[in-house]
Protein chains: 2
Amino acid sequence: MVGSEETKTQVEPGVRRAKPRGRPRSFDRETALEKAILAFWEHGYEATSVSDLTRVMDIGAPSLYAAFGDKRSLFEEVVREYGVRYGSFGDRALAEESTARAAVERMLREAAVAYTAPGHPHGCLVIHAATNCSTPEVEESLRGRRNANIAALESRIRADIAAGELPAGTDAAALARYVGAVIQGMSQQARDGASRQDLEAVAEIALAIWPRT
Amino acid sequence: MVGSEETKTQVEPGVRRAKPRGRPRSFDRETALEKAILAFWEHGYEATSVSDLTRVMDIGAPSLYAAFGDKRSLFEEVVREYGVRYGSFGDRALAEESTARAAVERMLREAAVAYTAPGHPHGCLVIHAATNCSTPEVEESLRGRRNANIAALESRIRADIAAGELPAGTDAAALARYVGAVIQGMSQQARDGASRQDLEAVAEIALAIWPRT
DNA sequence: TTATTTCTCTAGCGGTCGATACAGAAAAAA
DNA sequence: TTTTTTCTGTATCGACCGCTAGAGAAATAA
C-alpha cells in the first residue's frame, strides 16, 4: 500500500479505463495537492508538519499517505508541480526569447510580478522551502534546481557570445551567477515585504549592467 | 532561577566584584556561546535543537538554561554576538567610507570574503537562520535587522544625493534595495557552493550599475 | 445478495522537541 | 567545621513529530 503515485481513474485519452474497483477517493487529488503547495511554499519543508498538511488539505493522515506516499515524496511532487504551475517563467524566457539579454530582461521583470502576486505566498518555493532543513537530501534537491537554473542561463549566454551577440570577453559564468543572485535576492526581498513596484525598480537597476556588443 | 543574562563574575572595570558565592561555572561562557553561534549559523533557529546545542557547547541542559535562559534568549544573544564578531562589515563600510559609492563597493567586496571564509558556515546568519521559522517573533526579528540595514544604506545614499555626490534623480530606495538584494543573493550563492572568487566576480558586475554624477 | 476491493476514521506507535525537578557536588561565608 | 549558595548530572515531563494498524464504510464484480 505504498507509493501509488497515479490516480486510479485514468484520464489519458485512449486508455479510458473503467471505474476502479473499490471505494472511490472522497477528495480531489489536484485540489489537495494545490493546498500542499501553498503550505510548503509558505512555511518550508520542515516547518510544515503532516498535521498542518492534513488540516489544509482537509483529509486524514492515512488518506494523505495513501494518495501521496510519505512527507518526502509529497514534497517532491509539490516541487515538481510548483515548477509547472508557478516556477517556469525562467525556463520560458530562456526558450522563447531570441537573445540572452532579452531572456534575462523578461526573467527579471516577470520575477518581480510572480514573487509578489496575490493569492499565494511571496517569493520562490525553490529558493526558500528547504533552507535550514535537517534532511540533507531535501536541501540538496532544491539546491540542485537552483544551480541548474543558473547553469542553463550560463550556457544560453555562452551561445550568445559564440554568436557574436555578446562581447568575446564576457564572463558567462559570472554573468549568469549575478543574474541568479539578483533573482534570489529579489525573492528574499519579496518575503521581507517588498512590493511589485519595489522589485521592478530593482530589476531595472540590475539590467543596467548588461554588456554591450 | 530564570533569566540571569549576565555572568556573575563582573569583568567591567571599576566594580571588580569579589568572587561570587556558590559553586563556580565549570565551562567558559564565551566559548560555549561561540559554539552556539556556529550551530545556529549552520542550521538555523529551529533546526538546531537544544540537544544539538548541549552537545556542541559540551554542557548539560540545566547549565544551558541557567547561563543563557531559554532557546529564544540564547538565540537573541547569538544574533547580537554574531553581529559584533562577524556581521559588522556593512556598518563599518557605511561609517568609515566617505561616499555611499565607496561604502557599497567595500561592502560588496567584503561580503564576498566574509560569506566564504573558512572556519565557519558560509553566508550570513541574519539572512538565513530564521527562514521557515514557526516562531513568528524570531523570523520578524531577523527580518527587522535586514530591512534596517537596507534603510541605513538608503539614508546614506540620500545624504550623497543631497551633497551632490549622486545625481539628483537617483532613486535612493531602489538603489539601496538593489544592493541589499545583491548581498542577500550573494549569501544564498555562498550557501549553494559559490567560492570567494565567484562572489567577487558577482560583486564587480553588480557595482557596474552605480550612477555617475 | 454476496464477495471483493479500496478508502476513511479512530486511535496510538516510538521518537524527539523544549524545558525542568531534584539530588548531589563544589565553591565561599560564618 | 558548619552553613549557605550555586552549579551539574540524571531522569524525566507533556506536547508534538512522522507514520501506521485495524475496523468499518463505500464502491464495483459476480
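- A:Ser134 comes within 4.0 angstrom of no nucleic acid atom, judged by non-hydrogen atoms across all strands.
- Phosphate proximity of C:dC7 to A:Ser26: absent, as no side-chain N or O sits under 4.0 Å from OP1 or OP2.
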Before you tell me yes or no, could you show the steps for A:Glu76 and A:Ser141 under side-chain hydrogen bond (donor to acceptor under 3.5 Å, both in side chains), namely the whole-Å CA-CA distance, both residues' side-chain angles and the distance that decides it to 0.1 Å?
CA-CA 9 Å; A:Glu76 283 166 22; A:Ser141 158; over 6 Å; no
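- Atom C1' of nucleotide D:dC19 and atom CG of A:Leu74 are separated by 14 Å, given to the nearest angstrom.
- Atom CZ of A:Arg23 and atom P of C:dC7 are 10 Å apart (whole Å).
- When rounded to the nearest whole Å, the span between NE2 of B:His43 and P of C:dC17 equals 12 Å.
- Phosphate contact (OP1/OP2 of D:dC7, side-chain N/O of B:Ser63, threshold under 4.0 Å): absent.
- Between A:Leu64 and A:Ala61, the residue anchored closer to the 5' end of DNA chain C is A:Leu64, taking for each the nucleotide with the nearest heavy atom.
- For the pair B:Arg29 and B:Glu77, the salt-bridge criterion is met [side-chain N within less than 4.0 Å of a carboxylate O].
- Taking the ring centre of B:Tyr82 as origin, the terminal cationic atom of B:Arg85 falls outside the region bounded by 6.0 Å and 45° from the ring axis.
- A sub-4.0 Å separation between OP1 or OP2 of C:dC17 and a side-chain N or O of B:Ser51 is present.
- Residue B:Glu46 contributes atom CD, which lies 18 Å from atom P of C:dT16 at whole-angstrom precision.
- Here A:Tyr65 does not reach the OP1 or OP2 of D:dT20: none of its side-chain N or O atoms lies under 4.0 Å away.
- Rounding to whole angstrom units, CZ of residue B:Phe68 and C1' of C:dG18 are separated by 17 Å.
- Projected onto DNA chain D by closest heavy-atom contact, A:Lys71 and B:Ile59 fall at different nucleotides, the more 5' of which corresponds to B:Ile59.
- D:dC7 atom P lies 15 Å from atom CG of B:Asp28, rounded to whole Å.
- Classification of B:Glu154 and B:Arg177 as a salt-bridged pair fails, no side-chain N sitting under 4.0 Å from a carboxylate O.
- Side-chain atoms of A:Gln184 and B:Gln189 form a donor-acceptor pair, as typed in the model, at a separation below 3.5 Å.
- Between the base of D:dA27 and the side chain of A:Arg21 there is no donor-acceptor pair shorter than 3.5 Å.
- Straight-line distance from the CZ atom of B:Phe27 to the C1' atom of C:dA26: 15 Å, rounded to whole Å.
- Distance from the side chain of B:Pro62 is smallest to D:dG9 among C:dG18, D:dC19, D:dG9.
- Residue contacts for A:Thr54: at a heavy-atom cut-off of 4.0 Å it reaches no nucleic acid atom on any strand shown.
- For the pair A:Asp58 CG and C:dC9 P, the computed distance is 9 Å after rounding to whole Å.
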